[in-house]
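Notes follow once the structure below has been shown.
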Amino acid sequence: MVAAERFQARALQVLRGSRIFGQLDEEVLHDLARFLVRQDVPGGHQVLREGAPSDSMLILLSGRLRVSRTNPDGSLLLYNEISVGEGVGETGMILQQPRTADVTAVRDSTLAVLHSSDFEALLQLRPLAVNRVFSQAIYNHLRHGAQVAQRGFAQSFVVVPLHPDVPAGAVARALTAAFAKSGRARHLAPEQGTGDEGRSDALDEQFDHLVYEAEAQATDWTRRAFRQADQVIYVARSDGPLAVGDLEQQLAREPGYALKRKHLVVMHAADAQAPHAVRRWLAGRACERVYPLRAEHVEDFARLARFLTGTAVGVVLGGGGARGYAHLGILRALHEAGIPIDMVGGNSMGALVGAQYACDVPLDDIMRNTQAFAAGGERLTLPLISLVSGFRVERDLRRMFGERSVDSLWRPFFAAACNLSKGHTTVQDTGPLWKAVLASNSPAGLFPPVLHKGDLLVDGAILENVPVDAMRMRLGTPLERRRGNGTIIAIDVDVQEDLAVAHDLARLSRRSALKGMLARKATQPGIMEILYRAGHIGGLHKRAATVAQADHYLEPPVAEYSMMDHKRAPEIVEAGYRYAVERIAQWTRP
């Protein structure tokens with residue numbers, strides 16, 4: 001078969017499978033294919049330029065395109081990706097408007113070009129069918145804008161070793177095995193490069209994930225693998241040099257480098273107890289996230305695979321005093337259901353539980369540790385800054401977490417706090433772990449604020465008790481910070497209790513409050529109830545938005561337990577577990 005015939009056959013194959021052009025009858029498809037002109041574009045090269053005349057439209061036959069714009073300051077805005085079978089530029093061509101964005105080939109790509117003069121000829125030949133399908137294309141463009149299309153092609157990744165002795169092959173094989181759990185995956189090693197050269201179309205159709213293993217030098221194979229990859233995974237040794245090396249610098253000069261998602265894996269020994277401070281690796285690098293991994297730990301690579309494909313699961317734990325033990329029952333139910341937890345975030349009691357969970361503390365130990373922590377009490381102090389001193393809580397949190405930093409955990413974690421100085425939520429994902437948990441567990445007025453870079457931090461429930469916003473920002477990608485990118489499970493244990501009093505009560509009485517405390521039958525709210533409600537009013541106000549942003553919102557039945565019912569922790573854990581088992585059974589699972 002000659003090249004022209006192969007092009008026509010490929011074009012027809014892609015058009016038939018296209019969501020838009022697949023609506024056309026076979027005769028019309030053949031007429032459209034006859035007008036198409038082949039264009040091959042190397043990865044990293046620009047296809048369309050913003051502001052240029054719209055004299056054609058493109059249909060992607062193989063490879064991948066990225067839509068972007070450049071800000072006046074030179075920074076890049078990344079928009080949607082164009083997958084095989086999709087068209088780009090049809091709206092501008094039909095309306096005779098200038099190009100509205102740049103379009104660049106992320107990989108080596110083959111395009112079918114329909115010039116405006118040929119479009120007019122096709123329109124005269126098949127007016128009804130062409131008008132219908134292109135009107136639908138314009139409608140979809142106006143309705144959906146820059147949303148990312150459903151993937152119908154292989155996602156490709158290149159594993160790039162930053163040092164000659166980095167086990168890039170082991171990482172690529174482990175990552176391929178992780179991808180293979182959910183689809184067809186292929187590892188492409190350097191010695192396979194010649195055999196697979198020119199077969200990217202076939203590989204895209206045969207596999208869901210392609211993992212290219214690059215070499216430690218900028219060889220022809222490394223450059224080719226880099227060109228074919230949508231995402232770049234740099235791999236470094238935990239004890240290796242931090243400086244940006246020659247290979248990174250050379251790849252950064254490759255066309256299209258800025259359009260590729262970039263990640264950094266820091267490999268540790270299989271028996272490593274805790275990762276080294278990994279954030280230091282970001283100095284001089286434009287990577288989305290640093291992933292500390294342990295050799296031969298299958299779950300570490302499974303978590304990496306989920307982050308790379310936008311399927312990671314984030315669990316957000318809200319505050320609520322002793323009712324927060326229900327988090328442990330829900331976590332247990334998630335484990336039993338086989339639902340992975342890739343990132344944990346929390347506020348107040350949720351931050352205390354979540355931080356221990358992120359440190360891989362067993363669930364039963366978390367319950368006992370938290371009970372012991374709560375039993376420690378706190379001393380009243382001269383109420384110039386707060387009602388209690390907070391010294392005991394700080395001391396015990398230091399003992400619990402030591403000098404571990406938030407960004408030195410195998411599983412990503414963050415704690416939310418209200419920034420009184422700035423008037424917004426401050427998300428703590430760096431710095432000492434104990435201090436992040438302390439800030440999130442310091443109710444304003446009751447505990448002194450925690451100082452953070454000159455600001456005052458207190459319990460985050462003043463603004464949002466279940467910090468779903470922060471999880472969505474960290475779970476998604478720079479391209480998409482929206483629902484549907486990953487799964488968020490929000491757990492709310494903050495019961496909205498009735499704080500009303502009798503209608504005929506003229507004022508709150510100190511004597512009545514004291515009698516109610518002694519008789520353990522309060523007839524009016526005391527200072528603790530008032531401070532708690534004031535500290536949680538923002539979270540209660542934002543509850544509807546929290547529910548809307550979470551993929552799964554869990555509200556276990558813990559109203560019968562008071563905030564200080566730490567002795568009843570096993571009951572509360574069990575209540576959360578039974579509730580979660582019933583709810584999880586109702587979820588639609590992939």
Side-chain angles (χ1 to χ4, degrees), residues 38-52 58-71 73-84 86 88-89 99-113 146 148-149 151 153-160 162 188 193 196-198 200-201 203-204 209-215 217-234 244-264 284-289 308-310 477-480:
R38 176 171 180 157
Q39 180 181 354
D40 293 312
V41 183
H45 286 256
Q46 194 173 74
V47 178
L48 301 178
R49 180 175 55 83
E50 182 179 359
L58 313 173
I59 301 170
L60 184 62
L61 300 186
S62 68
R64 194 166 176 185
L65 307 178
R66 170 61 63 81
V67 181
S68 65
R69 300 187 68 186
T70 303
N71 286 321
D73 62 1
S75 60
L76 200 63
L77 288 173
L78 301 181
Y79 292 101
N80 57 309
E81 298 163 344
I82 307 299
S83 64
V84 171
E86 292 188 310
V88 60
R99 306 290 190 195
T100 57
D102 296 328
V103 177
T104 307
V106 180
R107 311 183 200 168
D108 291 350
S109 302
T110 298
L111 313 173
V113 182
V148 173
R151 298 182 187 274
F153 57 99
Q155 298 183 63
S156 61
F157 309 84
V158 60
V159 175
V160 180
L162 296 187
L188 297 163
D196 286 316
E197 186 175 1
S200 58
D201 293 354
L203 292 172
D204 268 357
H209 305 95
L210 300 174
V211 181
Y212 291 88
E213 176 193 337
E215 297 173 294
Q217 299 83 32
T219 61
D220 290 342
W221 165 250
T222 293
R223 293 181 185 278
R224 186 184 310 127
F226 177 84
R227 234 179 20 248
Q228 298 304 326
D230 308 317
Q231 301 187 48
V232 181
I233 304 165
Y234 291 117
V244 175
D246 292 340
L247 179 57
E248 285 180 272
Q249 296 178 33
Q250 292 181 60
L251 292 180
R253 293 192 288 269
E254 288 287 312
Y257 176 82
L259 300 179
K260 297 180 185 289
R261 291 179 58 193
K262 292 170 283 290
H263 316 267
L264 179 60
R285 294 183 171 94
C287 294
E288 291 181 18
R289 185 181 279 120
L308 295 175
T309 55
T477 71
L479 179 61
E480 286 188 286

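Between Y257 and F226, the ring planes are parallel. Angles under 30° get that label, and only those over 60° would be called perpendicular.
Side-chain atoms of V47 and L58, non-hydrogen and from C-beta on, do get closer than 4.5 Å to each other. The shortest side-chain heavy-atom distance between H263 and C287 does not fall under the 4.5 Å cut-off. For the pair L247 and L162, the minimum side-chain heavy-atom distance is 4.5 Å or more. V211 places none of its side-chain heavy atoms less than 4.5 Å from the side chain of L188. With a 4.5 Å cut-off on side-chain heavy atoms, V232 and L251 do not count as touching. The shortest distance between side-chain heavy atoms of V88 and L60 does not fall below 4.5 Å.
The CG atom of L111 sits 10.0 Å away from atom CD1 of I59, with the distance rounded to the nearest 0.5 Å. The distance from atom OG of S62 to atom CG of D108, rounded to the nearest 0.5 Å, is 8.5 Å. Note that CZ of R224 is 8.5 Å distant from OG1 of T219, once rounded to the nearest 0.5 Å.
Contact record, A218 with Q250: CB-OE1, 3.2 Å, taken as the closest heavy-atom pair. When all heavy atoms of V84 and G63 are compared, the pair lying nearest together is CG2-O, 4.0 Å. Listed here is the closest heavy atom pair of P42 and A105: O-CB, 3.7 Å. Between I233 and F157, the shortest heavy-atom distance links the atoms CD1-CB, 4.0 Å.
Judged by distance alone, with hydrogens and angles left aside, the side-chain atoms of K260 form a donor-acceptor pair with the main-chain N or O of A229 at under 3.5 Å. A donor-acceptor pair under 3.5 Å is formed between the side chain of S156 and the backbone N or O of Q228. At distances below 3.5 Å, not a single donor-acceptor pair connects side-chain atoms of T222 with backbone N or O atoms of A214. Side-chain atoms of Q231 come within 3.5 Å of backbone N or O of L308 as a donor-acceptor pair. In this structure, S109 contributes its side chain and V41 its backbone to no donor-acceptor pair below 3.5 Å. In terms of modelled atom types and a separation under 3.5 Å, the side chain of Q249 and the main chain of V244 share a donor-acceptor contact.
One side chain, D40 or T110, offers a donor N or O that lies under 3.5 Å from an acceptor on the other.
Checked for salt-bridge contact, R227 and E254 miss the test: no charged N lies under 4.0 Å from a carboxylate O.
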Mind running side-chain contact (heavy atoms from CB on, under 4.5 Å) on Q46 and D102 for me, showing each step along the way?
-> CA-CA 7 Å; Q46 194 173 74; D102 296 328; 3.5 Å; yes
Would you check, one step at a time, whether the test side-chain contact (heavy atoms from CB on, under 4.5 Å) holds for T104 with L65?
-> CA-CA 5 Å; T104 307; L65 307 178; over 6 Å; no
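Residues passing the salt bridge (charged side-chain N to carboxylate O under 4.0 Å, His left out) test with E215: none are found, sequence neighbours excluded. Every salt bridge (charged side-chain N to carboxylate O under 4.0 Å, His left out) that R69 has, sequence neighbours left out, goes to E50.
Here the rule is salt bridge (Lys or Arg N to Asp or Glu O under 4.0 Å) with D230, and of R261, K262, R66, R107 only R107 fits it.
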